[in-house]
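Mind having a look at this structure? Questions to follow.
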Amino acid sequence: MIAAPQRHVIAHLIGKEEIMVFLTNLISGLSLGSVYAIIALGYTMVYGISKMLNFAHGDVIMIGGYMSFIMTMYMGLNGWLALLVAMFICTVLGITIERLAYRPLRGTGSLAVLITAIGVSYFLQNIALLIWGANPKMFTSLFKGMSPVHAAGGQLTITPESIFTILANIVIMILLTLFVSKTKAGKAMRAVSEDNGAAQLMGINVNQSISLTFAIGSGLAAVAGVLMLSAYPVLMPTTGAMPGIKAFTAAVFGGIGSIPGAMIGGLILGIIEIFSRAYISTELSDAIVFACLIIVLLVKPTGLLGKKISEKV
Amino acid sequence: MAERAERILKNIGLRGLKNAVKGNDYRREASISYGILVGGYILLQLLTAAGLISHNLQGQFVPICVYISLAVSLNLVVGISGELSLGHAGFMAVGAFGGVLMSRILGQSMSFEPAIVIISMIFGAIVASIAGFIIGIPILGLRGDYLAIVTLAFGEIIRNLMNVMYFGFVDGKLKFAFNHTIEGIEDTDRIITGAIGATGTKTMSNFTWGLLLCLFTVFIVLNLKNSKQGRAIMSIRDNRIAGESIGLDVRKYKLMAFVVSAALAGMAGCLFGLNYSTLVPVKFNFNTSVLVLVFVVLGGVGNIWGGIIAAALLTVLPETFRQFADYRMLTYAIVLILVMIATYNPSIKSRLNAFLGKIRPKKNKGSSKAKRKKSGKEAE
């Protein structure tokens, strides 16, 4: 904490307005980063347990968004109830995708699985395109009607979307860490991700563990989708693709397979993106985000919190 | 004329058959590949001369050749080097915009079009190979999924950079601007204008250039595949550690495949750029990379002529069946998943092979290939 007189000096030097702009950007960066973190959790858990890059994860977000949209728009459901329904549908979708597309290819090497995952991603996008069309839908915020919070004498406005997204991220992170470290199913998941074969010998149902991972990841994807669309309300069949790729970037950034890594990676990536948008260039913000990924991979290929896995003959 | 063409076609077909009987893998693959390309070219030219081909489809000739060339060059990375590259469109973009730029510069002083096309294509290949080299050096130490995601990231970075690049002539001199428009420029003097892309390009491509491009690409890829270096690349694909242990420089060989593939993609991109008077960077997004990957996968990973057929058919069919345009990508997606499962799932694969064996019981076709695949899998 900066003491009051010092803060006054800083404010004097840089100008109060610039600090406020900086803080506003920081908060929207944290909020966007939280969305990335929640999506990245799905990637990181799935990658940890089945060593595959689930390319279709981003599109599960989009499906979640559409489900929530339909539930509120046409079924007249409350936003929160719609979120629950969307979570359920995405969970089922995630399990189905794993069962039908990924399980037949388990243990066949990354090339085959990755290409299949790209196929699934395209499948979901084009199904959405056929059903809902290419025209963007305007998503109603989950927090509509809530008033924004004013801080620092009314100069700093924080939207309810930002607050809830950041809070949701923290809650999910804590719950998931507890689940993975304390419960039996969580421990089984960790065992499978450490050594698939040994876990099976210990009587762990590997298929069930992997299904559970996909279920959790996809359910979280629905949450992330609704939170993201509350802040950036344009819903299209391709809505999930870019955030999906960026969230994977975040997962790699933080060290794939690590839950706190996903959170740190997501937050850093969100902040980098918002700041490069605000201070460097809107067009180049994606390029900067991806450049950061490449730099991280070059300096520390396992990511910030990742463990090193040595290749055996 | 027509008779002669038919005779040539027959000859090529026969030679292909002869080699197939001889069982020479390389010559068989080469003769089938060249046969398809030259045969297809002659056939399409004859049909065009007879007026049997719609104007729309004629406009697709150059893109078909470009996609064939892209599929063959991507096969070098995916099939022969065994790494998944998701940024092929990025190299295509570099080649396209580099080539268009070169053609405009040359167009100021030269009027002999074939020379302009050749120099532009070489320039496109050089720029793309430089991009491939810069990208390849740091990332080729990465494994599977990481490499795929980084090539994707690079493809997006290239496209993003293209969105903020400005080239044009001011008073006859080439000017470049980054992230802002060039001041005091006439509209007709613009070459590349950020997100609007390349404008005012003089279209110089035609089907014959397309054929030459395809032949050159196939020639390079097949000869690389069947050289000492190519065998080294494939042995690293099959077992990286074993390759390292006999003293192969893994990075060098992977980089070789990657850079050659990028250069060929740049060349194809250049011809693509010269085919349109305006060209937007959005054309080279992730979807294009995936489309080329679909060609490679459906043609059979590592199979050169399979990729050629897949690229040609999948570019022509959507044009012919426009009423199903909405279902095109959906079908691709489903076919992609099914093909992957059918070719890689152990139980389905063995059942499929047994089924095919019943249909064609006489030859144990591609047994060495199957063995190679199997040993590679065991090592994993």
Which distance, rounded to the nearest 0.5 Å, do you find between the OH of A/Y122 and the OG1 of B/T331?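 Separation between the atoms: 14.0 Å.
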Using heavy-atom distances under 4.5 Å, tell me whether A/I127 contacts chain B through its side chain, its backbone, both, or neither.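 Both backbone and side chain of A/I127 come within 4.5 Å of chain B.
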Given heavy-atom pairs under 4.5 angstrom as the criterion, report whether the side chain, backbone, both or neither of A/F248 touches chain B.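 Side chain of A/F248 only, per the 4.5 Å heavy-atom cut-off to chain B.
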Can you list the steps and then say if A/L284 with B/L161 is a side chain to side chain contact (heavy atoms under 4.5 Å, CB included)? CA-CA 7 Å; A/L284 286 176; B/L161 288 178; 3.8 Å; yes
Give, as side chain, backbone, both or neither, the part of B/V78 having an atom under 4.5 angstrom from any heavy atom of chain A.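 For B/V78, backbone and side chain are both near chain A.
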Against chain B, label A/I294 side chain, backbone, both or neither, depending on which of its atoms sit under 4.5 Å from a heavy atom there.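 Side chain only.
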Which atoms of B/L152 approach chain A - backbone, side chain, both or neither, heavy atom under 4.5 Å: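 Side chain only.
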I'd like to know whether the aromatic ring centres of B/F286 and A/F290 sit less than 6.0 Å apart in this structure.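 No.
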Structural part of B/I157 lying under 4.5 Å from a heavy atom of chain A: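 Backbone plus side chain of B/I157, per the 4.5 Å heavy-atom cut-off to chain A.
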State, to 0.1 Å, how close A/T116 and B/M340 come at their nearest heavy-atom pair, and which atoms those are.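 Between these two residues, the closest heavy atoms are OG1-CB, 3.3 Å.
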Looking only at non-hydrogen atoms, find the nearest pair between B/P346 and A/T108 and report the distance.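 B/P346 and A/T108 have their closest heavy atoms at CD-CG2, 4.4 Å.
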Which atoms of A/L53 come close to chain B, meaning under 4.5 Å heavy atom to heavy atom: side chain ones, backbone ones, both, or neither?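 It is both, since atoms from each part get that close.
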Segment of B/I158 engaging chain A (4.5 angstrom heavy-atom cut-off):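 The answer is neither part of B/I158.
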Under 4.5 Å heavy-atom distance to chain B, tell me which part of A/I288 shows up: side chain, backbone, both or neither.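 Neither the backbone nor the side chain of A/I288 comes within 4.5 Å of chain B.
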Would you say CZ of B/F178 has more than 12 non-hydrogen atoms from neighbouring residues, nucleotides or ligands within 6.0 angstrom?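 Counting neighbours around CZ of B/F178, more than 12 heavy atoms of other residues, nucleotides or ligands fall under 6.0 Å, so yes.
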Kindly compute the distance separating CZ (B/F154) from CG (A/L293), expressed to the nearest 0.5 Å.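 Going from the CZ atom of B/F154 to the CG atom of A/L293 covers 9.0 Å.
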What option among B/I149, B/L336, B/N160 has the most heavy-atom pairs under 4.5 Å with chain A?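 Answer, by heavy-atom pair count under 4.5 Å with chain A: B/N160.
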Close side-chain approach of A/V113 to B/Y344, heavy-atom, < 4.5 Å: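 They are not in contact (no side-chain heavy atoms under 4.5 Å apart), so the answer is no.
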Side chain, backbone, both or neither: which part of B/L330 has a heavy atom under 4.5 Å from chain A?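 When you check distances to chain A, atoms from both the backbone and side chain of B/L330 fall under 4.5 Å.
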For A/A101 against B/I341, the heavy-atom pair lying closest together: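 The pair with the smallest heavy-atom distance is O-CD1, 3.9 Å.
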Name the option with the most non-hydrogen atom pairs under 4.5 Å to chain B; the candidates are A/D286, A/L129, A/I115, A/L124.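 Greatest number of close heavy-atom pairs with chain B: A/I115.
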